[in-house]
Amino acid sequence: MSSNTERIDVRLSGKQLLESATFNKGNAFTETERAILGLQGLLPPAVETIELQAQRALQQLGQKTTDLERYIYLIQLYDTNETLFFRVVMSDPARFLPIVYDPTVGEACLKFGHIYRHPRGMYITIKDKGRVREVLSNWPEKDVRVICVSTGGRILGLGDLGANGMGIPIGKLQLYTACAAVPPHGLLPLLLDCGTNNRELLNDPLYLGLRQARPTDEEMTQFVDEFVQAVQETFPNCCIHFEDWRGTDALRFLARYRDKVSCFNDDIQGTGSVTVTGLLNAVHIKGEKMKDQRVLFFGAGSAGIGNALMTAAAMKLEGISDDEARNRIWMYDINGLLENSRIDLIPEQKMFAHPHAPSRDLVAVINSVKPTVLIGVSTVGKTFTRPVVEAMSRLNERPIIFALSNPTEKAECTPEEAYTWSNGKAIYAAGVQFPPVHYNGKTLLPGQANNFYIYPAIGLAIYATNPKRVTDEMFIEAAKATADEVTDQEREQGLLFPVQSNILEAEVRTAQRIVTLTFERNLARVDRPKDITSWLRGMLYKPEYKECTL
Ligand code: NAI
């Protein structure tokens with residue numbers, strides 16, 4: 001039996017208690033609890049520990065043959081016994097993150113209406129315009145600290161998935177808890193359903209969302225404005241985490257609200273931050289500085305722009321000017337190199353469009369711009385071909401090549417390709433986890449530049465400090481702290497990100513640095529404690545049962 005003797009007044013009994021994912025302990029209810037809480041006769045007689053229950057869950061998971069089946073099993077566990085779900089997931093994050101999050105969550109979103117069992121979080125549709133506050137107030141938990149909200153506009157690299165995108169806010173918030181021990185009860189996954197332009201979904205009888213096309217930008221802005229305002233009024237201590245919106249929406253709404261309310265966009269700022277983590281360690285391996293790199297982004301959507309802005313910010317922190325930093329960053333998109341004669345660019349892209357002849361030839365651009373770093377965020381797999389990697393290798397002793405698009409088949413190149421075509425010289429990272437690669441007698445560890453190293457730590461810092469604003473500086477601090485979690489020996493094997501098996505400790509230490517910065521910048525809306533470490537650690541969620549009373 002768990003040694004935790006903390007008590008909780010559950011205010012529920014009998015079947016209702018067993019149906020509450022928050023309080024249900026299943027067969028771990030003791031004889032005494034069963035007597036007090038009206039559970040006698042409702043459970044098999046054996047009284048079990050959470051360890052034994054976890055063992056059963058692991059055994060049942062072992063019998064599943066695909067990751068999607070494991071995902072469905074785990075979500076069902078989450079819907080019936082949250083504590084046991086987190087116990088299982090937190091027992092082996094390296095094994096379970098790819099199941100509860102990407103790449104499996106991508107497949108789960110594609111099939112969301114088909115594998116659906118139970119509602120989670122909230123759905124607010126554009127038809128609720130004019131009464132969003134009323135709908136929000138239906139959420140039973142009143143102290144909501146973070147809402148993770150998606151429109152399903154651009155799910156991973158899979159495009160517009162409409163209401164199927166709900167799998168993403170659910171998964172993202174599960175990782176707040178699994179990776180940084182953020183207490184789950186103040187976290188609300190939310191799908192802002194504005195319709196979808198995905199014909200296949202609109203024609204699917206099992207699709208669960210609004211069956212209408214997406215609105216105009218103007219209609220959408222009015223709706224999102226109302227939503228953001230309603231959140232301030234309903235949950236005054238809440239930060240809004242924007243996730244997987246269409247690229248242009250992601251950028252314009254972040255710009256619209258970032259200086260007004262507590263919010264961030266993980267696809268822009270989280271992605272930028274984890275890329276900076278990888279870059280800091282990659283330049284460390286080369287014995288160089290960030291400010292001396294020349295970076296070419298292949299893809300100029302929300303992830304590309306977020307990466308470019310955060311990379312520029314990190315370069316500036318090493319003492320170069322805004323202009324110097326921007327001039328070191330180039331971008332390339334579906335229409336070729338971003339250069340100053342292009343008339344199809346949004347302001348965030350124009351910042352990185354420099355004087356150059358138009359070109360739609362990536363190899364020619366590499367030979368002309370001479371990047372030290374090439375970063376793929378294009379959503380298009382296999383675009384870093386052999387000539388591309390060879391061009392980078394001719395220019396650089398150690399070319400830095402990140403292929404960040406996901407899921408797996410969208411990676412611009414695999415680690416094998418990068419290592420083989422560069423004769424083992426590339427410093428490589430991907431957006432998904434690839435297995436170790438054996439090259440020329442050496443074992444190389446391709447790192448996963450996944451935002452899950454960053455946003456749960458940011459989430460914990462937000463949960464703890466309730467900041468007025470969430471700034472880029474917090475994301476840079478997160479990047480530096482995460483980079484510092486990698487040992488010299490790991491860097492020697494090409495690893496640029498912390499090992500996943502120890503992710504919880506790494507993120508809690510990272511959160512501690514973000515919390516300290518938040519207090520230093522006077523952004524916190526709580527009093528500064530004497531000892532930040534013990535204060536923060538005292539808040540951490542533990543997947544243990546409490547003694548239940550009525
Ligand atoms: P997006 O759709 O906003 O942008 C895609 C960009 O790639 C656009 O600029 C587009 O013009 C460009 N592009 C498309 N086809 C191209 C081609 N054939 N050649 C050159 N450029 C091309 O998508 P977003 O949000 O920027 O995400 C991009 C990718 O990055 C996705 O696959 C996503 O999964 C991945 N991503 C990875 C993260 C990570 O590893 N940490 C985090 C966030 C996103």
Side-chain angles (χ1 to χ4, degrees), residues 97-98 101-103 105-106 109 150-161 165 168 172 175 242-254 265-279 296-311 330-338 342 344-346 348-349 352-353 359-363 365-366 374-385 388 402-413 428-434 446-455 475 478-479 482 496-497:
L97 294 189
Y101 204 64
D102 61 52
V105 75
C109 285
S150 182
T151 54
R154 194 282 289 140
I155 295 300
L156 304 170
L158 302 169
D160 178 0
L161 294 189
I168 297 294
K172 284 268 164 175
L175 264 59
F242 295 101
E243 186 67 44
D244 281 5
W245 292 45
R246 196 181 53 170
T248 44
D249 289 339
L251 287 159
R252 77 190 172 95
F253 286 120
L254 179 64
N265 183 303
D266 181 53
D267 303 301
I268 299 172
Q269 295 160 290
T271 304
S273 177
V274 79
T275 300
V276 169
T277 300
L279 285 175
L296 175 60
F297 287 98
F298 183 73
S302 56
I305 291 169
N307 278 333
L309 292 169
M310 206 62 80
T311 304
W330 293 73
M331 304 194 91
Y332 187 106
D333 73 0
I334 195 158
N335 296 318
L337 182 68
L338 273 59
R342 290 261 304 252
D344 58 334
L345 306 180
I346 60 171
E348 291 87 348
Q349 294 171 324
F352 302 103
S359 175
R360 287 171 180 258
D361 178 342
L362 180 59
V363 173
V365 167
I366 290 172
L374 176 65
I375 297 181
V377 268
S378 66
T379 72
V380 190
K382 299 286 170 206
T383 33
F384 291 172
T385 55
V388 169
F402 292 177
L404 300 186
S405 289
N406 56 60
T408 310
E409 65 276 10
K410 311 258 180 185
E412 283 79 4
C413 67
Y428 174 91
V432 294
Q433 187 64 59
F434 280 104
Q448 183 184 12
N450 196 304
N451 306 26
F452 64 47
Y453 285 111
I454 303 294
Y455 72 80
F475 281 92
T482 307
L496 306 179
F497 304 93

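Both ligands and their constituent atoms are indexed starting at 1 by order of listing.
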Subset of ligand 1 atoms that lie under 4.0 Å from at least one heavy atom of [X]:
X      : result
Gly247 : 3 (O)
Gly431 : 40 (O)
Gly299 : 6 (C), 7 (O), 9 (O), 12 (C)

Below the 3.5 angstrom mark, is there an N/O of [X], backbone or side chain, next to an N/O of ligand 1?
X      : result
Val380 : no
Ala303 : yes
Ile334 : yes
Ser302 : yes
Arg154 : yes
Asn451 : yes

Tell me whether ligand 1 is touched by Thr383 - counting only heavy atoms on the residue side and a distance under 4.0 Å. no
With a 4.0 Å cut-off on heavy atoms, is Lys410 touching ligand 1? no
Ring centers of Phe297, Phe352 separated by less than 6.0 Å: no
Please check this pair: side chain of [X] against backbone of [Y], looking for a donor-acceptor N/O pair closer than 3.5 Å.
X      : Y      : answer
Arg342 : Gly336 : yes
Tyr428 : Cys413 : yes
Ser150 : Glu243 : yes
Gln349 : Leu338 : no
Glu412 : Ser378 : yes
Tyr453 : Ala479 : no

Nearest neighbour in protein (non-hydrogen) for [atom]:
atom                    : answer
atom 19 (N) of ligand 1 : Phe298 CZ, 3.3 Å
atom 30 (O) of ligand 1 : Val377 CG1, 3.8 Å
atom 37 (C) of ligand 1 : Leu404 O, 3.2 Å
atom 1 (P) of ligand 1  : Gly301 CA, 4.0 Å
atom 40 (O) of ligand 1 : Ala449 O, 3.0 Å
atom 31 (C) of ligand 1 : Thr379 CG2, 3.5 Å

Modelled atom types, side-chain donor and acceptor of Thr275 and Asn307, under 3.5 Å: yes
Asn451 versus Asp266, side-chain donor and acceptor atoms under 3.5 Å: yes
Point-to-point distance, once rounded to the nearest 0.5 Å, from CD1 of Ile268 to CZ of Phe253: 11.5 Å
How long is the gap from CG on Leu362 to OH on Tyr332, to the nearest 0.5 Å? 5.0 Å
How does Thr271 reach ligand 1, by side chain, by backbone, by both or by neither, if only non-hydrogen atoms under 4.0 Å count? side chain
Taking non-hydrogen atoms only, is Arg246 closer than 4.0 angstrom to ligand 1 via side chain, backbone, both or neither? neither
Candidates Ser378, Ser405, Gly381, Gly336; heavy atom nearest atom 7 (O) of ligand 1 found on Ser378
So, are Asp244 and Lys172 salt-bridged, with charged N and O less than 4.0 Å apart? no
